[in-house]
Amino acid sequence: MRAGVLIFGSSMADRLYVFFGHHKCATSWVVEICRFVADYTGRNFGSYDNPRQYAGDLAAAVQREGTDILCLRNAKESERQQLPEFLGFHLIRDPRDILVSGYFSHRNSHPTEGWAELSAHRERLQQLSQSEGLIAEMEFSASVFRDLASWNYGAANVLEMKYERFVQNPYQAMLDAFDFLGLVNWHEPKAGDWVRDVGVLYHHKLKRRLPWWPCNPTPAQVPQYLLLGKCHENRFSRLAGGRREGQEDKQSHYRKGAAGDWVEHFTPEVTTAFRERFPRLVETLGYAW
């Protein structure tokens with residue numbers, strides 16, 4: 001099964017590797033990197049958006065699908081507790097920026113196919129002022145904030161990461177994340193390594209062996225230069241059609257790519273509503289007003 005949090009487990013190793021993400025926290029971007037690592041190392045990749053996709057029993061789904069690298073796009077503490085032994089990393093963001101990003105995405109750009117609730121929510125947002133819309137978005141996305149509030153941030157087997165550091169240097173952030181998992185090969189590349197790596201990727205991505213390849217390649221780690229190359233391939237400017245981080249297009253799914261954007265959109269009314277609905281969430285996650 002092809003899906004979304006990072007997990008390692010059955011086919012290549014005894015341990016599961018997991019990426020725990022949340023809505024509007026660069027989750028789709030990280031999932032693509034996880035998929036690349038799985039393809040290169042010949043591991044089984046899995047991703048889920050919600051419990052319905054794994055019939056409410058995550059551990060059984062991981063075992064049934066033989067998932068090695070798992071991505072949970074809307075991670076919950078209850079999901080973390082269901083998993084067998086694993087190593088993982090967890091990416092969060094200032095909840096106020098999540099709210100603003102979610103508002104513009106749900107109002108303008110997020111696909112509505114198969115999501116009737118979003119279609120109705122979008123119609124409502126387009127009839128409200130921005131401040132009213134942000135308050136309406138708080139209710140629509142309340143589960144995201146509850147998931148962040150209930151998460152155990154002290155687990156030794158999970159590397160905690162913040163979006164604000166990620167956007168400053170996504171290359172170092174991904175090196176740190178996959179190094180924590182033990183999946184980075186730090187050796188300096190030698191002449192001819194690219195031939196080997198093309199063969200590895202071809203074999204696992206297309207499920208075919210190059211005619212001249214002597215054996216089934218199953219490296220346990222991904223070379224650092226390939227990981228960095230994949231990050232560069234998925235850089236914001238490319239995904240956003242040439243715009244740099246901070247250059248806004250409200251109609252684009254890749255709207256701005258910047259941290260701290262909430263300051264420009266939180267009115268006193270929005271601030272009051274957020275603090276009443278989610279008291280101390282900002283402080284709990286290590287941010288400040």
Side-chain angles (χ1 to χ4, degrees), residues 19-31 33 73-75 89-110 125 128-149 151 153 159-177 231 234-289:
F19 161 59
F20 299 98
H22 298 278
H23 188 54
K24 309 311 296 181
C25 295
T27 303
S28 295
W29 192 96
V30 178
V31 166
I33 304 301
R73 294 175 179 266
N74 296 289
F89 65 98
H90 179 219
L91 182 61
I92 68 167
R93 185 180 187 181
D94 188 320
R96 296 162 296 188
D97 277 341
I98 292 177
L99 176 68
V100 171
S101 183
Y103 165 75
F104 283 109
S105 174
H106 292 157
R107 187 184 190 279
N108 300 323
S109 63
H110 197 289
L125 291 180
L128 297 173
S129 69
Q130 181 169 299
S131 289
E132 292 170 334
L134 284 167
I135 293 172
E137 181 64 28
M138 290 181 204
E139 298 304 320
F140 187 78
S141 296
S143 62
V144 177
F145 304 118
R146 289 195 295 266
D147 290 341
L148 289 167
W151 186 261
Y153 291 91
L159 177 66
E160 296 291 340
M161 307 179 69
K162 288 188 174 180
Y163 176 90
E164 291 73 21
R165 175 175 174 254
F166 169 85
V167 295
Q168 289 179 349
N169 192 338
Y171 304 101
Q172 188 61 54
M174 288 297 94
L175 283 175
D176 289 347
C231 291
N234 286 274
R235 64 195 180 278
F236 178 86
S237 61
R238 175 178 173 273
L239 297 174
R243 285 182 294 112
R244 306 291 297 180
E245 290 88 342
Q247 295 178 333
E248 185 176 32
D249 178 355
K250 293 182 180 179
Q251 302 303 316
S252 172
H253 183 69
Y254 301 96
R255 181 181 62 92
K256 197 170 185 178
D261 189 45
W262 69 272
V263 175
E264 298 184 18
H265 302 284
F266 265 51
T267 63
E269 294 77 17
V270 173
T271 299
T272 297
F274 191 89
R275 299 184 82 160
E276 287 178 350
R277 286 166 172 77
F278 311 107
R280 296 204 57 77
L281 176 61
V282 169
E283 295 85 348
T284 297
L285 300 188
Y287 300 96
W289 289 97

Residues two or more places apart in sequence or in another chain: which of them pass side chain to side chain donor-acceptor pair (under 3.5 Å) with Thr271?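 Side chain to side chain donor-acceptor pair (under 3.5 Å) list for Thr271, sorted by chain: empty.
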
List the residues meeting side chain to side chain donor-acceptor pair (under 3.5 Å) with Arg275, not counting sequence neighbours, and say none if there are none. none

Determine the minimum heavy-atom distance between Cys25 and Tyr163, stating which atoms define it.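 Distance-wise, the nearest heavy atoms are C-CD1, 4.1 Å.
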
Looking only at heavy atoms, which two atoms of Ser131 and Thr267 are closest? And how far apart?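 Closest heavy-atom pair between Ser131 and Thr267: OG-CG2, 3.1 Å.
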
Between His265 and Phe104, is there a side-chain heavy-atom distance shorter than 4.5 Å?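 Result yes, sub-4.5 Å side-chain heavy-atom pair found.
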
Side chains of Met138 and Tyr103, heavy atoms from C-beta outward: is any pair under 4.5 Å?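 Of all side-chain heavy-atom pairs linking Tyr103 with Met138, none is under 4.5 Å.
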
Side-chain donor-acceptor contact under 3.5 Å, His23 with His110: no

Hey, are Glu132 and Ser129 close enough side-chain-wise for a donor-acceptor pair under 3.5 Å?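 Per modelled atom types, Ser129 and Glu132 side chains form a pair under 3.5 Å.
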
Using 30° and 60° as the class limits, which term best fits the ring planes of Phe266 and Trp289: parallel, tilted or perpendicular?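 Aromatic pair Phe266/Trp289 classed tilted.
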
Taking side-chain contact (heavy atoms from CB on, under 4.5 Å) as the test, write out the residues that go with Glu160, two or more places apart.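 In terms of side-chain contact (heavy atoms from CB on, under 4.5 Å), with neighbours along the sequence ignored, Glu160 is linked to His90, Trp151, Tyr153, Val158.
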
Quick one: salt bridge (charged side-chain N to carboxylate O under 4.0 Å, His left out) pairs with a partner in residues 161-174, sequence neighbours left out?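 Non-adjacent pairs meeting salt bridge (charged side-chain N to carboxylate O under 4.0 Å, His left out): Arg165-Asp176.
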
Got a sec, which residues hit salt bridge (Lys or Arg N to Asp or Glu O under 4.0 Å) with Glu276, two or more places apart in sequence or on another chain? none

Would you be so kind as to tabulate the donor-acceptor pairs closer than 3.5 Å made by side chains of residues 140-148, with sequence neighbours excluded?
unit_1: Ser141; atom_1: OG; unit_2: Glu137; atom_2: OE2; d: 2.5
unit_1: Asp147; atom_1: OD2; unit_2: Lys76; atom_2: NZ; d: 3.1

